[in-house]
Protein chains: 2
Amino acid sequence: MATIQEVAQKAGVSVATISRYLNNPAIVAKETREKVEQAIKTLNYEPSMLGRNLRKSESRLLIVLLPSISNPFYTEVINGIEDTAIEKGYNILLCQTDSKPEREEIYFNMMKNRLADGIISMDPTVDRAKLIEIAKNFPLVQCSEYDEEGIITYVTIDNELAAYHAVKHLIKIGHKKIAMINSGEKFLYARERKQGYLRALNESGIPFNPDWIFTTDNLEFDAGRQAMKSLLGKSEIPTAVFAVSDILAIGALKEINLKGLAVPDDIALVGFDKISFSNMTQPTLTTISQPMYQMGSMSVHMLINKINGKHTESIILDHELVIREST
Amino acid sequence: MATIQEVAQKAGVSVATISRYLNNPAIVAKETREKVEQAIKTLNYEPSMLGRNLRKSESRLLIVLLPSISNPFYTEVINGIEDTAIEKGYNILLCQTDSKPEREEIYFNMMKNRLADGIISMDPTVDRAKLIEIAKNFPLVQCSEYDEEGIITYVTIDNELAAYHAVKHLIKIGHKKIAMINSGEKFLYARERKQGYLRALNESGIPFNPDWIFTTDNLEFDAGRQAMKSLLGKSEIPTAVFAVSDILAIGALKEINLKGLAVPDDIALVGFDKISFSNMTQPTLTTISQPMYQMGSMSVHMLINKINGKHTESIILDHELVIREST
DNA sequence: ATGAAAGCGCTAACAG
DNA sequence: CTGTTAGCGCTTTCAT
């Protein structure tokens, strides 16, 4: 591996000239430039990021913190993050916490150790106090999550309104017995979506039946099945279900099918996220689409602003109700 | 951000001592150690990886090259890679090529620029010549793919045998009209799986019907639907289908359902990969399970061996036929 | 057990 | 337009 010194020697110029050529070829004289190009080519030189990074005290790496990469919701957000990061000359470190604090610790330390220039946190289970402490000392934005205290810059959607739209849609097509499959209320978005659900019911004068809210302890397929199983066992069975994630809805769909019931004729179903699988089920799933790619892209812009010391406002993006076969 | 110098000054020792404390606390005297610990704590010192990396000329980063993170097959392999890498003190850079050469180029350059210590390539569409060139100059292993010339170390399964097992299973439960949904034969695994399909037919004296092989040009859900649509339009319709990926099989399932046919009664279906979604469909999918996690884990071990200059043999892992409701 | 000093590869004043 | 020089923060001989 050739170094900048060797190239300088070969080209008969100083290392500064090589560095200038690398960073701004225009400012070196045409004649010199040609000599440099020649030397670089014959030595097969590639500049070392290690040297550059130390000198500029930056890594051009962004940490993306998420619970798990296997959740299709995140994969689309990541696409937005990645494309924008590359465009801006950054690379991303995808960090799965699996909701384990010790993993989280590793990634926060990488930030402290200057291995990354900033963090995009998408983990809802992250330790709040630690996150705030990091946010105070390093560039950090939250994506799809946010802290109610508003200390941390974020990009998200209006979860209350999105849930309201979903349930309103079910009411509009004639449903009155509407259940909700929610995730734990320790999550802010779960509390907000429940509010939207309640507001929609309330507005239409439909009484709230606590029997029809099922709270899962995770967002996996099986949790959706269990939830539906429970709902189907109630004395009065709902005719429509709003699930706060497509995977939960797909689990519910499975259970409905197993019981010999049909969607949407016996039970209508609305999911959340518009993951690609939601279009592969039989029937396809009505769902709330979040602007996932845009969320990712925006977070990068905001984070890079922060890295460059600029002030950035939090932002709330629009969602969309996608009506398909399940309602 | 405190530096090692400041800590040294505060503790009244030399920077060398701080460095020793950081890397091997045992070799510094107990009394000095305490002074150092005190200084580190009061200054809130965190060592900079940038300095360390330059000095040791390593980045402790591994590039993982894959077509797309949204394919669930890769997510599980990645889990194996990530866990093992972290255990070994490395971090991973997940790099999606989207099968675009220019993206590939970026990541190869990162390697040349010493931003990573090695590459795990899982991309079947990678430019072969370039890959070999990189492999000659840098630590690189292939995961789930391999080059027939055998220059590059790899970890994979026996695709021919896996396909053979899948088709043999269909024959055993009484099928004779067995179609195959394959991906393009530019992919080695596609050619190998076709060989396995043919061998199984041949061994049971079932004549090969070229009408029943459909070659898709991608691995998406819609390609599976199109393939099935075509197969259902043939003069003679097969009673069983072997698809080389679960996503293709799920697409086929959708099309079968739309035509009012039932799986497995009218048509039996076997997929490949055992992605988590293959257990969420109605009916659940019979499939070939690859040891994805282990493949990821092994690749990291092999790559780190290479990084450390040790010789490493390629390896072929076992697959497993998982019989579920679709057959 | 500790310190002094060199240097990893690069960039950025500064001077000319 | 180009060269000289001083580091960025760390590790690692080589002495002591």
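If you're wondering where the values come from, they're calculated on a predicted model, not measured in any experiment. Order of the sequence lines fixes the chain letters, A, B, ..., with proteins taken first and strands second; residue numbering starts at 1 for each chain.
- At a threshold of 4.0 angstrom between heavy atoms, the contacts of A:Asn53 with the nucleic acid are absent.
- Residues that satisfy the ring pair (Phe, Tyr, Trp, His ring centres under 6.0 Å) test with B:Tyr90, not counting sequence neighbours, are absent from this structure.
- A salt bridge between B:Glu58 and B:Arg60 is present, with a side-chain N of the basic residue lying under 4.0 Å from a carboxylate O of the acidic one.
- Side-chain nitrogen and oxygen atoms of A:Thr3 include none within less than 4.0 Å of the OP1 or OP2 phosphate oxygen of C:dC8.
- Atom OH of A:Tyr21 is separated from atom P of C:dC10 by 15 Å (rounded to the nearest Å).
- Nearest nucleotide to the A:Arg55 side chain, out of C:dA1, D:dC1, C:dC10: C:dC10.
- To the nearest angstrom, P of C:dT11 lies 14 Å from CG of B:Leu50.
- Look at CD on B:Glu58: it is 12 Å from C1' on D:dC10, rounded to the nearest Å.
- With rounding to whole Å, A:Asn24 atom CG is found 13 Å from C:dA12 atom C1'.
- Across the protein-nucleic acid pair, B:Gln5 atom CD and C:dA5 atom P stand 14 Å apart, rounded to whole Å.
- Atom pair B:Met1:CE and D:dC10:C1' shows a separation of 16 Å (rounding to whole Å applied).
- Under a 4.0 Å N-O distance rule, the pair A:Lys30/A:Glu34 qualifies as a salt bridge.
- Within 4.0 Å (heavy atoms only), B:Leu54 reaches at least one base atom of the nucleic acid.
- Residue-to-nucleotide proximity on DNA chain D shows that, of A:Val15 and A:Glu31, the 5′-proximal contact is made by A:Glu31.
- A:Lys56 has its NZ atom 13 Å from the P atom of C:dC10, to the nearest Å.
- Using a distance-only test at 3.5 Å, with no hydrogens or angles considered, no donor-acceptor pair links the side chain of B:Ser99 to the main chain of B:Thr125.
- Within residues 107-119 of chain B, no residue places a heavy atom under 4.0 Å from DNA chain C.
- A pairwise comparison of heavy atoms in B:Val77 and B:Cys143 identifies CG1-SG, 3.8 Å as the closest pair.
- Counting non-hydrogen atoms under 4.0 angstrom, A:Ala16 reaches a base of the nucleic acid.
- Among the heavy atoms of the strands, none lies under 4.0 Å from A:Ser57.
- Of the two residues contacting DNA chain C, namely B:Gly51 and B:Ala26, the nearest-nucleotide position lying further toward the 5' end is that of B:Ala26.
- Ranking C:dG9, C:dG3, D:dC10 by closeness to the B:Ser14 side chain, first place goes to C:dG3.
- Every residue meeting the salt bridge (Lys or Arg N to Asp or Glu O under 4.0 Å) condition with A:Lys130, not counting sequence neighbours, appears here in chain and number order: A:Glu105.
- With DNA chain C read from its 5' end, the first of the two nearest nucleotides for A:Asn23 and B:Val13 is the one closest to B:Val13.
- Between A:Arg52 and C:dG9, a side-chain N or O to OP1/OP2 separation shorter than 4.0 Å is absent.
- The nearest whole Å value for the distance from the CG atom in A:Leu22 to the P atom in C:dC10 is 8 Å.
- Judged by atom type and distance alone, B:Arg20 reaches the base of C:dG3 through a side-chain donor-acceptor pair under 3.5 Å.
- By the 4.0 Å N-to-carboxylate-O rule, B:Arg103 lies close enough to A:Glu82 to be salt-bridged with it.
- Remark: B:Ser48 is not in phosphate contact with D:dG9, judged by side-chain N or O atoms under 4.0 Å from OP1 or OP2.
- Using a 4.0 Å heavy-atom distance criterion, B:Tyr45 is classed as a sugar-phosphate-only contact.
- Under the 3.5 Å distance criterion, the side-chain polar atoms of B:Asp127 are matched with a main-chain donor or acceptor of B:Ala129.
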